[in-house]
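Step one of this worksheet: look at the structure below.
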Amino acid sequence: GIQVEQSPPDLILQEGANSTLRCNFSDSVNNLQWFHQNPWGQLINLFYIPSGTKQNGRLSATTVATERYSLLYISSSQTTDSGVYFCAVEEETSGSRLTFGEGTQLTVNP
Amino acid sequence: EPEVTQTPSHQVTQMGQEVILRCVPISNHLYFYWYRQILGQKVEFLVSFYNNEISEKSEIFDDQFSVERPDGSNFTLKIRSTKLEDSAMYFCASRLQGRTGELFFGEGSRLTVL
């Protein structure tokens, strides 16, 4: 099956800093989503972005499908941005399941 | 904005008991899913469901698990005889189309098996 690798596994920032999270995947995809898992365990949809670039407030994401990676940018980070960020992809050629990466644990300190 | 809702948010049960987790997908969606996340691990696919039958399931989804759409709005996951290792967060998801488009996730049901 498709492999999804996220980096870095852990990231500690001071409030106000910017960061870039990366997601590499091993095969062609027809779906890519970024999620934020908050401290209560809830999965929050951030972006549906199989290709191209999207922005939502301080967050933006870019997927370069031909090179099999996606980036999530967080600008002017806040303590409420803390949590785990997951990338999940759906393989183009088989099935209809999302395969999640291991996630990036982000801690934003005041 | 339409959303996927799940109940209960947290359930504690004794090993060997049956558990039913409930989900109300977004009303015009046709494809439904269950995912599981054991504490500290990544989210894993369990099963997908379309047109009143399972369309795909993972190796995790063994005979202890079943899914059902008992009426026009609910989608349930049943665990027949819970084990300690079933303790996890269970997420329901839905979408309009089967192989493309965004999956919308519920907030999850945390199951603790004692």
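Order of the sequence lines sets the chain letters (A, B, ...), proteins ahead of strands, with each chain counted from 1. Scope of the values below: all heavy atoms of this structure, side chains included, with no hydrogens, waters or symmetry mates.
Screening residues 19-114 of chain B for disulfide bond (SG atoms under 2.5 Å apart) gives B/C23-B/C92 as the qualifying pairs, with residues at least two apart or on separate chains.
With respect to chain B, the highest number of heavy-atom pairs below 4.5 Å among A/N45, A/N31, A/V84, A/L32 belongs to A/N45. Note: B/G101 leads B/G101, B/S9, B/S55 in heavy-atom pairs under 4.5 Å with chain A. Put simply, of B/Y33, B/F91, B/F104, the one with the most heavy-atom pairs under 4.5 Å next to chain A is B/F91.
With sequence neighbours excluded, the residues forming a ring-ring contact (aromatic ring centres under 6.0 Å, His included) with B/W34 are B/F75, listed by chain and number.
With a 4.5 Å cut-off on non-hydrogen atoms, A/Q37 touches chain B through its side chain but not through its backbone. Interface residue A/Q33: only side-chain heavy atoms are found under 4.5 Å from chain B.
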Taking distance alone, no hydrogens or angles, what donor-acceptor pairs closer than 3.5 Å link side-chain atoms of residues 52-59 of chain A to residues at least two apart or in another chain?
{"unit_1": "A/T53", "atom_1": "OG1", "unit_2": "A/T62", "atom_2": "OG1", "d": "3.1"}
{"unit_1": "A/K54", "atom_1": "NZ", "unit_2": "A/Y48", "atom_2": "O", "d": "2.6"}
{"unit_1": "A/Q55", "atom_1": "NE2", "unit_2": "A/G57", "atom_2": "O", "d": "3.2"}
{"unit_1": "A/R58", "atom_1": "NH1", "unit_2": "A/S75", "atom_2": "O", "d": "3.0"}
{"unit_1": "A/R58", "atom_1": "NH1", "unit_2": "A/S76", "atom_2": "O", "d": "3.3"}
{"unit_1": "A/R58", "atom_1": "NH1", "unit_2": "A/D81", "atom_2": "OD2", "d": "2.9"}
{"unit_1": "A/R58", "atom_1": "NH2", "unit_2": "A/D81", "atom_2": "OD1", "d": "2.9"}
{"unit_1": "A/R58", "atom_1": "NH2", "unit_2": "A/D81", "atom_2": "OD2", "d": "3.2"}

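Along residues 43-52 of chain B, the residues that come nearer than 4.5 angstrom to chain A, judged on non-hydrogen atoms, are B/V43, B/F45, B/S48 in order of number.
Residue B/L84 places its CG atom among more than 12 non-hydrogen atoms of other residues, nucleotides or ligands, all under 6.0 Å distant. Atom NZ of B/K42 has more than 12 neighbouring heavy atoms from other residues, nucleotides or ligands inside a 6.0 Å radius.
The CD atom of B/E107 sits 10.0 Å away from the CG atom of A/L43 when rounded to the nearest 0.5 Å. Atom CD of B/E102 is separated from atom CG of A/L98 by 10.0 Å, given to the nearest 0.5 angstrom. Distance CD/A/Q42 to CZ/B/R110: 10.0 Å, rounded to 0.5 Å.
The minimum heavy-atom distance between A/F86 and B/Q37, with the atom names listed, is CZ-NE2, 3.5 Å.
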